[in-house]
Amino acid sequence: MRISLSILSFFLLILDQTNGQNSPNISIGSTFTAGDHGYLLSSSGDFAFGFYPVSDTLFLVGIWFNKIQERTLVWSANCDSPAEIGSTISLTNGGQLVLNCANGTVQQIYSGAARLGIMQDDENFVLRDSGSTNVWESFNFPTDTLLPGQTLLSKGKLYSNSN
């Protein structure tokens with residue numbers, strides 16, 4: 001019985017690591033594809049980061065309320081140019097967060113050297129370097145909604161989706 005439980009635990013661990021929906025983290029080399037329902041959930045499951053559908057074939061890289069029936073978008077990286085189905089979000093081996101659109105265009109969301117991305121329970125998606133320092137966070141680039149705990153920086157702008 002102990003061996004069976006160990007094997008079951010091992011397979012559950014593998015499944016958890018291969019399904020981005022169960023983890024709040026994205027690591028170097030990870031990719032999500034628009035249309036594949038891949039996204040990161042905050043630990044509470046209240047918030048998600050990934051491809052938010054605006055139609056059957058167009059998606060925004062965004063953060064949304066995940067536990068309410070009307071999944072409301074609160075932040076997006078590409079609000080004026082939705083990505084087509086098949087587009088990808090990647091945390092590259094060099095640590096950049098990149099949107100690679102199916103039409104061949106590339107949008108750098110973050111161009112530094114992150115090692116980990118985390119969807120936090122406060123609705124903030126953060127990128128951290130190898131020293132666990134936040135090097136980028138969605139709260140610093142508000143779109144759609146100002147969230148509790150989020151501030152608009154001096155000379156900052158709030159952008160809204162054109163839809």
Side-chain angles (χ1 to χ4, degrees), residues 19-28 30-92 94-103 105-129 132-163:
N19 183 352
Q21 297 176 344
N22 293 329
S23 172
N25 302 331
I26 182 174
S27 57
I28 295 262
S30 297
T31 298
F32 295 115
T33 303
D36 285 351
H37 306 290
Y39 50 86
L40 299 177
L41 284 179
S42 63
S43 295
S44 66
D46 289 336
F47 307 100
F49 169 83
F51 280 108
Y52 178 87
V54 293
S55 73
D56 289 340
T57 59
L58 295 174
F59 299 82
L60 297 176
V61 174
I63 297 171
W64 60 92
F65 289 105
N66 190 59
K67 283 190 174 177
I68 59 176
Q69 190 164 348
E70 181 75 28
R71 293 189 171 167
T72 305
L73 186 72
V74 297
W75 178 85
S76 60
N78 59 323
C79 59
D80 290 330
S81 56
E84 305 84 5
I85 197 164
S87 299
T88 61
I89 306 166
S90 301
L91 186 57
T92 68
Q96 295 82 36
L97 187 63
V98 178
L99 168 61
N100 291 294
C101 294
N103 68 9
T105 61
V106 176
Q107 179 183 344
Q108 292 269 339
I109 299 169
Y110 172 72
S111 60
R115 294 290 172 246
L116 180 69
I118 302 168
M119 184 64 241
Q120 299 182 151
D121 280 327
D122 64 357
E123 306 112 78
N124 192 13
F125 178 69
V126 300
L127 296 174
R128 293 189 176 154
D129 64 13
S132 295
T133 300
N134 289 359
V135 293
W136 182 92
E137 49 189 286
S138 60
F139 271 13
N140 290 341
F141 303 92
T143 64
D144 303 293
T145 306
L146 280 177
L147 300 163
Q150 183 177 13
T151 58
L152 191 57
L153 301 175
S154 177
K155 297 186 182 182
K157 296 179 182 179
L158 179 64
Y159 294 93
S160 179
N161 190 333
S162 59
N163 293 338

From Q120 atom CD to L40 atom CG, the distance as rounded to the nearest 0.5 Å:
12.0 Å
The test is side-chain contact (heavy atoms from CB on, under 4.5 Å); show your working for C101 and E84 and say whether it passes.
CA-CA 7 Å; C101 294; E84 305 84 5; 3.8 Å; yes
Atom pair CD1/CE of I63 and M119 - distance to nearest 0.5 Å
4.5 Å
Any donor-acceptor pair under 3.5 Å from S87 side chain to A102 backbone
yes
For this output row, return yes or no: ring centroids of F65 and F47 closer than 6.0 angstrom.
yes
Under the criterion ring pair (Phe, Tyr, Trp, His ring centres under 6.0 Å), which of Y39, F32, F125 is the partner of F49?
F125
Answer yes if the side chains of Q107 and N78 hold a donor-acceptor pair under 3.5 Å, and no otherwise.
no
With distance as the sole test, does S55 use its side chain to make a donor-acceptor pair with the main-chain N or O of L58 at under 3.5 Å?
yes
Looking only at heavy atoms, which two atoms of D121 and S43 are closest? And how far apart?
OD1-N, 3.3 Å
Is the shortest side-chain N to carboxylate O distance from K67 to D46 below 4.0 Å?
yes
For the residue pair S138 and W75, establish whether any side-chain heavy-atom pair is separated by less than 4.5 Å.
yes
Counting only heavy atoms not in N103 (residues, nucleotides, ligands), do more than 12 fall under 6.0 Å from its CG?
yes
To the nearest 0.5 angstrom, please state how far the CG atom of L97 sits from the CD1 atom of I26.
6.5 Å
First locate atom CD1 of I28, then atom CG of L91, and finally report the distance between them rounded to the nearest 0.5 Å.
4.5 Å
Could you tell me if the side chain of L60 sits less than 4.5 Å from the side chain of L73, heavy atoms only?
yes
Do the rings of Y52 and W64 sit parallel, tilted or perpendicular, given the 30° and 60° boundaries?
tilted
From CA spacing to verdict: side-chain contact (heavy atoms from CB on, under 4.5 Å), N100, S90
CA-CA 8 Å; N100 291 294; S90 301; 4.1 Å; yes
Less than 4.5 Å apart, any side-chain heavy atom of R128 and any of V135?
no
Could you check whether any side-chain heavy atom of I89 comes within less than 4.5 Å of a side-chain heavy atom of F51, counting everything from C-beta outward?
yes
Got a second to check how far N25's CG is from L116's CG, nearest 0.5 Å?
5.0 Å
If you define the side chain from C-beta out and look only at heavy atoms, does anything of D122 sit under 4.5 Å from F139?
yes
Any side-chain heavy-atom pair of V98 and I109 under 4.5 Å:
no
Compute whether any side-chain donor of one residue and acceptor of the other, for T31 and T88, lie under 3.5 angstrom apart.
no
Does N66 reach the main-chain N or O of A48 with its side chain, forming a donor-acceptor pair under 3.5 Å?
no
Side chains of N134 and L127: does their closest heavy-atom pair fall under 4.5 Å?
no
Counting distance only, does the side-chain N/O of Q96 pair as donor-acceptor with the main-chain N or O of G112 below 3.5 Å?
yes
Can you find a heavy atom in the side chain of V126 that is under 4.5 Å from one in the side chain of W136?
no
